[in-house]
Amino acid sequence: MKRQALLLTATVLAASIAASNAQAQTKPAGPPLKAEVIHWWTSGGESAAVKTLADAYRAAGGEWQDTAIALGEQARSVAINRIIGGKAPTAAQFNTTKQFYDIVDQGLLNNVDDVAIRDGWDKFLPEVVLNVIRVKGHYYAAPVNIHMPAWAWTSKAAFKKAGIKDDPKTMDELFADLDKLKAAGIVPLAHGGQGWQDNTVFTFVLSNVGGRELYLKLFRDRDPAAIKSDAFKNVLLTFKRLHNYVDKGSPGRNWNDATAMIITGRAGIQIMGDWAKGEFSLAKQEAGKDYGCVAGFGPKSLYVIQGDVMVFPRTSDPKQVAAQKLLASVITNPQTQVAFSMKKGSVPIRTDVDASKMDVCAQAGLAILKDKSRQIGNGESYITPDQNGALQDVISNYWNRDIPVEKVQKDIIAALRD
Amino acid sequence: MKRLLRQITPWTALLPLAATVLVGYLGAAVWSLYISMTSSRTFPSTNFVGLEQYERLFDNERWMLALHNLAIYGVLFILACVVIGFLLAVFIDQKVRGEGVLRVAFLYPYAMSFVATGLVWQWVLNPESGLQNAMQQLGWKDFTFDWIIDQDKAIYTIVIASVWQGAGLVMALMLAGLRGIDEEIWKAARLDGIPAWRVYLSIVLPMLGPTLATVFVLLSTAVVKAFDVVIAMTQGGPGTASDLPAKFIMDHLFGRANLGLASAGAMTMLLTVLIIVSPLLYVRSRRKEGRA
């Protein structure tokens, strides 16, 4: 008993030293732990962000081998193919969704339970993130960041021209502003008509008009009664109403081209994830001064949690396992978290960080994130990629075509079937 | 012994190719067929579900729309390519001056990748920045050409871009065929006072049968695998309006982690190709036998 207690104290001591020294960890003896990481952070801001991870890992005594593959889909299929083929990387990026659950089911991932328990992930990670990375009691991924996909970005220049003083605070105000922008000859809603962007707008409307209950009933419960309800019908109709405010060039437009319309003041509002901040900062624009950010309406608005994780393919090579553990620990470390998110435009996965250097939008986001009742997962963290894709098809068709809302409700029920 | 060696040698030389065909093509096709009858998601699974994936596939509105689009795209693309390609070939065959330059100009689009073609046409057809905008700025205020953002017409813009790219190849093949036509036939026709268009239509075109068949096979395969041009131009949009089967399959293969459904789609496409191409191959093989 005594011996056990002693062992425990020793472990705790070691853990606390490791945690406090994570940044300036004593370099492990022998050659540095080599870690090959597959990811799809390839754009300017993204590679700057991933560099902070690499630097932190190096500082902790590792050797970072970067394998960047453009496009998430591509990077994920390369990772999966290499895992099957037996040449797995040390770590691979996935989204904070069920994307990697099939790999877990096949028993092809190592868990990082040691690190998670030692560093106390349960204490500081949002429930939503925990629910995704924890499968049957094991921690199969290290969360990297949190993106919120459904912000409303406003152009101060366009607002000024249309005579609007403040960012909208309710859905009604949003529509009033859109009308004013239209009257002033400005494109009211900068939107890229691609399936996932249509879906983003839908998420925005669902979380702000539908609220938490309905949101969970749709994605978590896939409850036909809720989908048939008047409340959900209202969400769909409000979503469709926004289509009146896009310009003719919208179909097929890339999201960053839509953001450029906000930057130049050609358009008033864009609904997009917080990665849009990367575009604003590239254009030397400042949050709160040149552009506004609205995370949601009202004091109960939801913070939709999306983001990236690192998974660790199965290996029995002790060096690789050690590298995986070191990586998991370095990635979730508070300093790395802030440094990464500042470059990436996301927010840290933990709220116990010093956010004073982050921009006003990120600070607002973190403030909301602190309230557990406002955290909610992105649709894809509840449903499978296939269901998510089918839902996106229905939503995107509804956005683009005149379809009776009752049929859309029926189609959504069908899309979310098993 | 020597004779045996001589007999074996060509077969040995062919072995790598034969192995590639057997394993790479046939093997992969059989594998896909098998996967299409399982409930595979991210990984191949052995859970046999019969024709369930096919039922799901043909119950899927988006897949049906993609097939519908493929029919429109296939018929229009092949027809337009053949007609335009043939006319261009006839035009060049008139011994026009600067033939070399024209030939290069017409064939040039084919040297461009479908992605580049798609991007260029996307810019040209974009109503905000492309042709429509240019014409309106030049003074034609009511000029509209916004098919690419129109649910019902987007697929036709993809036909336009593809024809622009593919017609040159048809021209080159047809021209080669035309040059192979015996001068004597033309002389005889001229002697009989038959107008040139009539000679082309009733004599030359039937003689170009084998060339036409080649063109048809080439264009058909281009239709079935059409993917990049859609990605570059519309990404299947607006909504799913310009979706094609290849894009549906790719979406489900990786992004949506549904190997089973994607394989069922791929098998359906393979079947379609076989149905279209096999009668043609059959006829050609019969003809060869007849000749021999």
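Convention: sequence-line order gives letters A, B, ...; per-chain numbering from 1. Computation of the quantities below employed the complete heavy-atom set of this structure, encompassing side-chain atoms and omitting hydrogens, waters and symmetry-equivalent molecules.
- Using a 4.5 Å cut-off between heavy atoms, B:Asp243 does not touch chain A at all.
- For a residue to count as touching a neighbouring chain, one of its non-hydrogen atoms must lie under 4.5 Å from one of that chain's; by this rule A:Ala390 touches chain B with the backbone only.
- Proximity to chain A is limited to the side chain of B:Pro127, based on heavy atoms less than 4.5 angstrom apart.
- Judged purely by atom type and a 3.5 angstrom limit, A:Ser396 has no side-chain atom pairing as donor or acceptor with the backbone of A:Gln392.
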Walk me through it: do A:Asn95 and A:Arg76 pass the test side-chain hydrogen bond (donor to acceptor under 3.5 Å, both in side chains)?
-> CA-CA 10 Å; A:Asn95 286 123; A:Arg76 286 195 298 271; 3.3 Å; yes
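- Contact tally against chain A (heavy-atom pairs below 4.5 Å) for B:Gly239, B:Ser129, B:Gly236: the top residue is B:Gly239.
- A donor-acceptor pair is defined here as one N or O able to donate and one able to accept, closer than 3.5 Å; such a pair exists between the side chain of B:Gln165 and the backbone of B:Met112.
- Taking non-hydrogen atoms and a 4.5 Å limit, the residue list of residues 130-151 of chain B in contact with chain A, ordered by number, reads B:Asp146, B:Ile149, B:Gln151.
- Of the possible polar contacts, one joining the B:His252 side chain to the B:Phe248 backbone as a donor-acceptor pair under 3.5 Å is found.
- Heavy atoms closer than 4.5 Å to chain B are found in the side chain of A:Asp105, but not in its backbone.
- Aromatic ring orientation, B:Trp121 versus B:Trp164: perpendicular (interplanar angle above 60°, classes split at 30° and 60°).
- Within the 3.5 Å criterion, the main-chain N or O of B:Arg256 finds no donor-acceptor partner in the side chain of B:Asp251.
- Here the side chain of B:Asn126 pairs a donor or acceptor atom with the backbone of B:Glu128 at under 3.5 angstrom.
- Of the possible donor and acceptor atoms, one in the side chain of A:Gln197 sits under 3.5 Å from a partner among the backbone N and O of A:Arg253.
- With a 4.5 Å cut-off on non-hydrogen atoms, B:Asn60 does not touch chain A at all.
- Taking non-hydrogen atoms and a 4.5 Å limit, the residue list of residues 14-51 of chain B in contact with chain A, ordered by number, reads B:Arg41, B:Thr42, B:Phe43.
- Judged by distance alone, with hydrogens and angles left aside, the side-chain atoms of A:Thr96 form a donor-acceptor pair with the main-chain N or O of A:Asp308 at under 3.5 Å.
- Side-chain atoms of A:Lys98 do not come within 3.5 Å of backbone N or O of A:Glu380 as any donor-acceptor pair.
- With hydrogens and angles ignored, the 3.5 Å screen pairs no side-chain donor or acceptor of A:Gln93 with any backbone N or O of A:Met310.
- At a 4.5 Å heavy-atom cutoff, the contact between A:Leu108 and chain B is made by side-chain atoms alone.
- For A:Asp198, no part lies near chain B; criterion is any non-hydrogen pair under 4.5 Å.
- Within the 3.5 Å criterion, the main-chain N or O of A:Arg241 finds a donor-acceptor partner in the side chain of A:Asn244.
- Using bins of under 30°, 30° to 60° and over 60° for the plane-to-plane angle, the ring pair A:Phe239/A:Tyr398 lands in the tilted bin.
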